[in-house]
> 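A single structure is presented below for examination.
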Amino acid sequence: MKNIAILVSGAGTNAENIIRYFVNSEKVNISVVVSDNPSAYALTRAQRLDIETVSLTRRDFRDGTRPLAELRKRNIDVVVLAGFLSIIPRVLLEAFPGRIINIHPSLLPKFGGKGMYGDNVHRAVIEAGESVSGITIHTIDEHVDRGVVLAQFTTPVAEDDTPETLAGKIHALEYKHYPEIIESFITKITDMENRRKLLLISNSTTAGEPYLKYPIGNIAQFLEGVSEVAFVPYAAVTFSYDEYEAKVQARFDEIGVKVRSIHRAENPAEAIRNAEAVCVGGGNTFALLRAMQELGVVEAIREKIAEGTPYVGWSAGSNVCCPTICTTNDMPIVQPQSFAAIGAVKFQINPHYLDTHPEGHAGETREQRIEEYIEANDGMGVAGLREGCMLLVEGNTMQLIGARPMRIFRRGDKPFEVEPGGDLSFLM
């Protein structure tokens with residue numbers, strides 16, 4: 001069962017339609033309706049249907065801290081916009097990467113952007129002489145009316161249509177199709193969680209050992225039956241992608257797996273979509289994520305994980321499997337579009353986790369830095385993954401592999417240790 005939050009600003013006819021559609025669902029629980037408008041009639045509609053409501057303000061959504069706290073308090077999996085007029089703040093985009101969906105009353109990319117909502121859209125469609133209009137259901141990113149298109153549906157525009165009559169046709173499409181696409185979207189997320197195969201490694205090299213030597217046996221077992229991997233080299237900064245590919249290939253030769261770096265592909269995202277397995281190397285996490293976002297690789301990897309394609313990441317490659325890269329140890333030498341990452345797991349990882357506080361060092365410890373993160377991000381857990389350790393995720397099960405325990409951080413709890421073989425279901 002996935003918990004859904006619906007964000008609204010106005011009358012709430014779409015929100016009510018969605019709530020009624022899922023009233024007896026075994027897949028979807030409408031947990032809360034949240035508004036940026038305290039007088040929105042959508043709140044009354046939800047209350048009449050026994051759905052919890054939260055009334056916030058547009059100022060709250062400009063900051064994002066209060067909305068995020070309300071959503072995390074209810075363990076929300078997916079956010080659905082239904083006539084929501086505020087810009088989604090960055091903190092929500094990063095907390096729900098690829099899991100915020102919207103419906104727009106035109107066939108994007110036409111008639112999208114600032115001011116394009118409600119009758120403004122329909123008037124623009126008619127004035128442009130369009131013969132067809134429709135709806136676009138899409139995920140949200142940092143750009144207005146952008147993101148991955150999930151579905152589009154059309155309706156003819158008659159010569160005598162007015163903004164009001166065209167709105168009626170568009171509303172009919174919304175009521176019919178939006179709940180169905182939400183259900184399909186939830187099914188896709190559930191399938192991803194059931195099918196995911198992840199090997200998330202803290203570090204590539206143990207001190208005094210050759211590169212990737214300690215985890216290569218685990219990688220071989222994980223990639224059994226795979227002849228070639230698509231390698232993502234973008235975390236490399238002080239050496240070339242060619243060199244990185246060769247370095248990984250030298251180790252993968254031992255297990256008979258070909259390494260093909262996607263930097264050689266004309267379309268890196270398509271190279272990911274055609275891959276038997278995906279490997280993402282360590283280095284600088286900010287450089288890695290920026291390149292992945294610019295090239296469409298983040299969404300391509302999400303799709304592959306949903307199909308059950310094996311994913312191996314080490315260090316930065318483990319970070320980008322989390323909802324965000326906020327718990328990396330790296331310096332932000334470049335600026336990605338946002339901190340939002342793949343989101344294949346619900347928690348954050350701090351690779352290379354260290355307990356030590358060097359003598360004479362006056363700065364914060366790693367534990368103190370993570371405690372700062374969880375104080376600012378209530379509801380998000382962090383796994384301190386010590387070197388020489390890795391997480392094997394298969395569907396909804398997870399195993400800690402290595403000789404050392406993993407340190408867990410959650411706001412309101414004292415940090416605690418989980419030994420290899422211990423129960424990790426609380427993170428899933």
> Within this structure, what is the CG-OG1 distance for the pair N319 and T328, rounded to the nearest 0.5 Å?
4.5 Å
> For the atom pair SG (C321) and CD1 (I301), what is the distance rounded to the nearest 0.5 Å?
8.0 Å
> Report the C-alpha distance between F409 and E367 in whole Å, list the side-chain angles of each, state the deciding distance to 0.1 Å, and finish with yes or no for side-chain contact (heavy atoms from CB on, under 4.5 Å).
CA-CA 9 Å; F409 299 86; E367 180 164 311; 3.4 Å; yes
> Can you give me the closest heavy-atom contact between V237 and N284, atom names plus distance?
CG2-CB, 3.8 Å
> Can you tell if the side chain of Y241 reaches within under 4.5 Å of the side chain of I262, non-hydrogen atoms only?
no
> If you count every heavy atom of other residues, nucleotides or ligands that lies below 6.0 Å from K176 atom NZ, does the total exceed 12?
no
> If we ignore hydrogens and angles and just use 3.5 Å, is the side chain of R386 paired with the main-chain N or O of P405 as donor and acceptor?
yes
> Enter the distance from E164:CD to H122:NE2 here, rounded to the nearest 0.5 Å.
9.0 Å
> Any side-chain heavy atom of V34 sitting closer than 4.5 Å to one from P67?
no
> Could you check if a side-chain atom of E130 sits within less than 4.5 angstrom of a side-chain atom of L107, using non-hydrogen atoms only?
no
> Just by modelled atom types, is the P351 backbone N or O under 3.5 Å from a matching donor or acceptor in the S202 side chain?
no
> How about E224: does its CD atom have over 12 heavy atoms from other parts shown lying under 6.0 Å from it?
no
> Tell me if a side-chain donor or acceptor on N14 pairs with a main-chain N or O of A82 at a distance below 3.5 Å.
no
> Looking at side-chain heavy atoms only, is the closest gap between W314 and V248 below 4.5 Å?
yes
> Quick one: are I342 and M292 in side-chain contact, heavy atoms under 4.5 Å?
yes
> With no hydrogens and no angle check, is any side-chain donor or acceptor of Q249 less than 3.5 Å from a backbone partner on V259?
yes
> So, taking the atom named CZ in F416 and the one named CD1 in I408, what distance separates them when rounded to the nearest 0.5 Å?
5.5 Å
> For the residue pair Y244 and F231, is the inter-centroid distance of their aromatic rings smaller than 6.0 Å?
yes
> Please assess R195 against E307 for the test salt bridge (charged side-chain N to carboxylate O under 4.0 Å, His left out), listing each intermediate value before the final yes or no.
CA-CA 7 Å; R195 296 173 183 172; E307 294 171 5; over 6 Å; no
> Say whether N29 and S31, considering side chains only, have a donor N or O and an acceptor N or O under 3.5 Å apart.
yes
> Taking CZ in R264 as the centre, count heavy atoms belonging to other residues, nucleotides or ligands within less than 6.0 Å. Is the count above 12?
yes
> Testing the 3.5 Å rule here: is there a donor-acceptor pair between the side chains of T324 and E94?
no
> Yes or no on side-chain contact (heavy atoms from CB on, under 4.5 Å) for N37 and L85, after CA distance, side-chain angles and deciding distance?
CA-CA 9 Å; N37 174 13; L85 299 182; over 6 Å; no
> Any idea which heavy atoms bring A235 and G281 closest together, and the distance?
CB-O, 3.6 Å
> Could you tell me which non-hydrogen atom of P38 sits nearest to which non-hydrogen atom of S55, and how far apart they are?
CA-OG, 3.1 Å
> Go through E245 and S261 one step at a time and tell me if the side chain to side chain donor-acceptor pair (under 3.5 Å) criterion holds.
CA-CA 6 Å; E245 179 187 44; S261 177; 4.9 Å; no
> Please check: side-chain N/O of K304 versus main-chain N/O of R273, any donor-acceptor pairing under 3.5 Å?
yes
> Report the C-alpha separation of I325 and V320 in whole Å, then their side-chain angles, then the decisive distance to 0.1 Å, and conclude whether the side-chain contact (heavy atoms from CB on, under 4.5 Å) test is met.
CA-CA 6 Å; I325 62 166; V320 294; 4.0 Å; yes
> Side chain of N377, backbone of M380: donor and acceptor closer than 3.5 Å?
no
> A quick test of your reading: do over 12 heavy atoms of other residues, nucleotides or ligands sit less than 6.0 Å from CD of Q47?
yes
> Let me confirm one number: the CG-CD distance from L288 to Q293, rounded to the nearest 0.5 Å.
9.5 Å
> Could you give me the CA-CA distance, side-chain angles and deciding distance for D77 and K346, then say whether side-chain contact (heavy atoms from CB on, under 4.5 Å) is met?
CA-CA 9 Å; D77 296 291; K346 293 182 179 180; 3.1 Å; yes
> Between the side chain of R196 and the main-chain N/O of A344, is any donor-acceptor distance below 3.5 Å?
yes
> Does S315 reach the side chain of N203, with side-chain heavy atoms less than 4.5 Å apart?
no
> Report the C-alpha distance between E387 and R366 in whole Å, list the side-chain angles of each, state the deciding distance to 0.1 Å, and finish with yes or no for salt bridge (charged side-chain N to carboxylate O under 4.0 Å, His left out).
CA-CA 14 Å; E387 292 192 342; R366 186 71 56 79; over 6 Å; no
> State, with a plain yes or no, whether a side-chain heavy atom of E16 is found less than 4.5 Å away from one of R48.
no
> Do D242 and S240 have a side chain donor and acceptor closer than 3.5 Å?
no
> Under the side chain to side chain contact (heavy atoms under 4.5 Å, CB included) test against L385, which residue among N350, L400, I201 passes?
L400
> Specify the closest pair of heavy atoms between V8 and A42, including all atoms of both residues, with the distance to one decimal.
CG2-CB, 3.5 Å
> Is atom CZ of F153 surrounded by more than 12 heavy atoms (other residues, nucleotides or ligands) closer than 6.0 Å?
yes
> Answer yes or no: is there a donor N or O on one side and an acceptor on the other, between the side chain of E174 and the main chain of P179, under 3.5 Å?
no
> Check the surroundings of atom CD in Q368: do more than 12 heavy atoms from other residues, nucleotides or ligands lie under 6.0 Å from it?
yes
> Keeping T187 on the side-chain end and E183 on the backbone end, is there a donor-acceptor pair under 3.5 Å?
yes
> Is it true that F339 and Y373 have ring centroids separated by less than 6.0 Å?
no
> Taking side chain as C-beta onward, heavy atoms only, is T155 less than 4.5 Å from I170?
yes
> Between C322 and Q348, what is the shortest heavy-atom contact and its length?
CB-OE1, 3.7 Å
> May I ask you to say whether K197 pairs ionically with E394, meaning some side-chain N is under 4.0 Å from a carboxylate O?
no
> Cationic tip of K247 within the cone over Y211's six-membered ring, i.e. under 6.0 Å and within 45° of the normal?
yes
> Under 4.0 Å between a side-chain nitrogen and a carboxylate oxygen: does that hold for R260 and E276?
no
> I would like to know whether S9 and D36 meet side chain to side chain donor-acceptor pair (under 3.5 Å); could you show each step before the answer?
CA-CA 6 Å; S9 296; D36 63 349; 2.7 Å; yes
> If you compare all heavy atoms of A167 against all heavy atoms of D119, which two are closest, and at what distance to 0.1 Å?
CB-OD1, 4.0 Å
> Rounded to the nearest 0.5 Å, what separation is found between the CD1 atom of I349 and the NE2 atom of H352?
11.5 Å
> If we ignore hydrogens and angles and just use 3.5 Å, is the side chain of R302 paired with the main-chain N or O of V298 as donor and acceptor?
no
